[in-house]
Amino acid sequence: MTITSPHLGSSDAWTDARLLFALEEVVENELNRHLKVAKDWMPHEYVPFSDGRNFPGVFEDGEPWEPQQSKVTDIGRIALVVNLLTEDNLPSYHHEIATLFGRDGAWGTWVHRWTAEEGRHGIVMRDYLLTSRAVDPDKLEQFRMSHMSEGFESDNRHSMLHSVAYVAFQELATRVSHRNTGHQSGDPVCDRMLARIATDENLHMVFYRNLLGAAFELAPDATMEAVRDVVVNFRMPGHGIPGFERAAAQMAIGEIYNMRIHHDDVLAPVLRFLKVMEIDGLGPDGQKAQDELGLYMNGLDAEAAKFDEKLAARKARMAARAAG
């Protein structure tokens with residue numbers, strides 16, 4: 001794909017203010033498309049309230065939590081807590097994008113609509129977890145307080161363009177994590193709930209991915225540099241959750257989210273759809289960023305292959321142990 005744009009020039013020419021103005025029409029079109037295809041849904045319809053019972057506290061008949069009370073698998077429980085605590089920081093996410101994108105016009109309408117849709121995810125997940133007794137409610141609340149009390153600052157808060165690039169990948173990463181958690185949860189009710197959430201996340205990804213494509217048309221060099229920076233330094237927004245590194249390692253082994261999934265199901269699809277590696281006509285900065293992006297993806301693929309081998313060997317050992 002050859003970029004031919006009157007705006008082609010140095011990255012420095014594109015300020016956040018100029019890009020916000022230039023992309024306003026694209027945002028409006030994408031917002032209108034999103035509102036046509038997005039379906040409203042009721043969080044309470046996905047929660048098995050008839051399974052609920054009181055916890056100890058103000059209720060004298062409260063029943064203490066025990067792990068065996070839930071159908072959810074151990075890895076499903078770990079991933080659900082990480083996913084919910086990530087959703088819990090929505091106020092901070094809203095503050096970040098409202099500050100970068102503004103609260104007026106199509107940008108502002110999208111910011112508020114996105115926040116409202118994301119709010120459903122935390123509601124339904126918490127209701128499900130407590131009703132189905134999938135997690136220790138005391139620890140869940142302690143984790144929430146700890147995580148939210150730390151606040152959240154995006155790695156990309158310095159740049160609107162970097163932020164758009166980040167969420168194009170992050171929304172897809174969240175979708176994949178939710179779907180895989182549902183598949184590994186051991187509970188069809190949980191799987192159905194997370195599939196509904198994943199549908200929202202996919203629509204959010206499409207919005208930002210298309211916006212990123214428009215940014216490539218306007219400012220290819222600056223956008224290529226932003227994508228390179230985001231991909232190379234990518235980390236999930238829940239990285240500040242207490243015990244995140246251990247939970248992430250368990251989720252990697254449990255095939256909910258790992259290097260192979262990150263490469264094949266998150267990074268590669270967005271880059272491929274936008275034909276990022278096929279763009280030519282770039283300036284020196286854009287070409288350098290594109291080359292570095294290609295090298296990084298090749299390196300990540302090689303690292304993912306090593307992880308695949310280790311995971312396969314681990315599965316073989318476990319199978320042999322079970323058979324013996």
Side-chain angles (χ1 to χ4, degrees), residues 1-31 93 95-108 110-111 114 153-173 204-237 262 266-300:
M1 178 169 72
T2 301
I3 295 291
T4 55
S5 168
H7 300 288
L8 181 60
S10 70
S11 303
D12 296 336
W14 284 101
T15 63
D16 275 5
R18 284 192 65 199
L19 278 167
L20 284 166
F21 179 78
L23 291 169
E24 176 86 24
E25 185 176 350
V26 179
V27 172
E28 184 172 1
N29 291 338
E30 287 300 313
L31 173 63
Y93 307 149
H95 173 75
E96 291 275 342
I97 65 170
T99 300
L100 280 166
F101 299 159
R103 294 175 173 81
D104 301 318
W107 281 103
W110 166 253
V111 166
W114 174 87
E153 286 190 343
S154 169
D155 295 332
N156 303 289
R157 61 189 180 280
H158 63 287
S159 162
M160 184 277 285
L161 192 52
H162 280 70
S163 295
V164 170
Y166 175 74
V167 289
F169 295 104
Q170 180 266 319
E171 292 282 5
L172 182 53
H204 297 165
M205 178 276 292
V206 170
F207 179 97
Y208 288 119
R209 185 194 64 191
N210 292 351
L211 191 57
L212 187 61
F216 267 116
E217 295 289 341
L218 284 171
D221 284 346
T223 306
M224 188 67 75
E225 290 180 274
V227 169
R228 182 269 319 275
D229 293 345
V230 163
V231 168
V232 169
N233 299 298
F234 185 90
R235 56 180 182 168
M236 293 294 274
H262 184 58
V266 177
L267 298 182
V270 174
L271 296 175
R272 186 168 55 245
F273 182 88
L274 296 175
K275 300 181 179 179
V276 172
M277 303 311 298
E278 299 173 30
I279 294 175
D280 54 18
L282 295 164
D285 291 340
Q287 185 63 61
K288 179 174 181 287
Q290 188 183 51
D291 292 343
E292 291 175 349
L293 180 62
L295 287 171
Y296 177 81
M297 289 297 291
N298 289 337
L300 181 62

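Along the sequence shown, residues are numbered consecutively beginning with 1.
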Worked verdict on W107 versus I97 for side chain to side chain contact (heavy atoms under 4.5 Å, CB included): CA-CA 10 Å; W107 281 103; I97 65 170; over 6 Å; no
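- Heavy atoms only, all atoms of each residue included: L23 and A215 are closest at CD2-N, 4.1 Å.
- Between F207 and W110, the gap from one ring centroid to the other is short of 6.0 Å.
- Taking each heavy atom of V230 and A165 in turn, the nearest pair found is CG2-CB, 3.9 Å.
- Smallest separation of non-hydrogen atoms from L282 and P220: CD2-CB, 3.7 Å.
- A side-chain donor-acceptor contact under 3.5 Å links Q290 to the backbone of I279.
- Distance check: L161 CG to R18 CZ gives 12.5 Å after rounding to the nearest 0.5 Å.
- Remark: F234 engages Y166, H262 in a ring-ring contact (aromatic ring centres under 6.0 Å, His included) (not counting sequence neighbours).
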Worked check of side chain to side chain contact (heavy atoms under 4.5 Å, CB included) between R209 and L274: CA-CA 8 Å; R209 185 194 64 191; L274 296 175; 4.2 Å; yes
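- At least one side-chain heavy atom of L271 sits under 4.5 Å from a side-chain heavy atom of F169.
- Atom CD of E292 sits about 7.5 Å away from atom CG of L295, to the nearest 0.5 Å.
- D221 contributes no side-chain N or O that, together with a main-chain N or O of D285, makes up a donor-acceptor pair within less than 3.5 Å.
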Criterion side chain to side chain contact (heavy atoms under 4.5 Å, CB included) on M277 and R272, from CA distance to verdict: CA-CA 8 Å; M277 303 311 298; R272 186 168 55 245; over 6 Å; no
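- Distance check: L211 CG to N29 CG gives 11.0 Å after rounding to the nearest 0.5 Å.
- Atom CG of L100 and atom CG of L19 lie 12.0 Å apart (nearest 0.5 Å).
- For the side-chain contact (heavy atoms from CB on, under 4.5 Å) with L267, the lone residue among V227, L172, V231, L293 that qualifies is V231.
- Heavy atoms of other residues, nucleotides or ligands lying less than 6.0 angstrom from OH of Y296 number more than 12.
- Pairing each heavy atom of Y93 with each of P237, the nearest pair is OH-CB, 3.7 Å.
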Side chain to side chain contact (heavy atoms under 4.5 Å, CB included) between W114 and F101, intermediate numbers included: CA-CA 12 Å; W114 174 87; F101 299 159; over 6 Å; no
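- Under a 3.5 Å cut-off, the side chain of R157 and the backbone N or O of S154 do form a donor-acceptor pair.
- One finds the OG1 atom of T223 at 10.0 Å from the NE2 atom of H162 (value rounded to the nearest 0.5 Å).
- In summary, of the residues considered (E24, E30, E28), a side-chain contact (heavy atoms from CB on, under 4.5 Å) with V26 occurs for E30 alone.
- Other residues, nucleotides and ligands contribute more than 12 heavy atoms inside 6.0 Å of the CG atom of N298.
- In this structure, R228 CZ and K288 NZ are separated by 5.5 Å, a value rounded to the nearest 0.5 Å.
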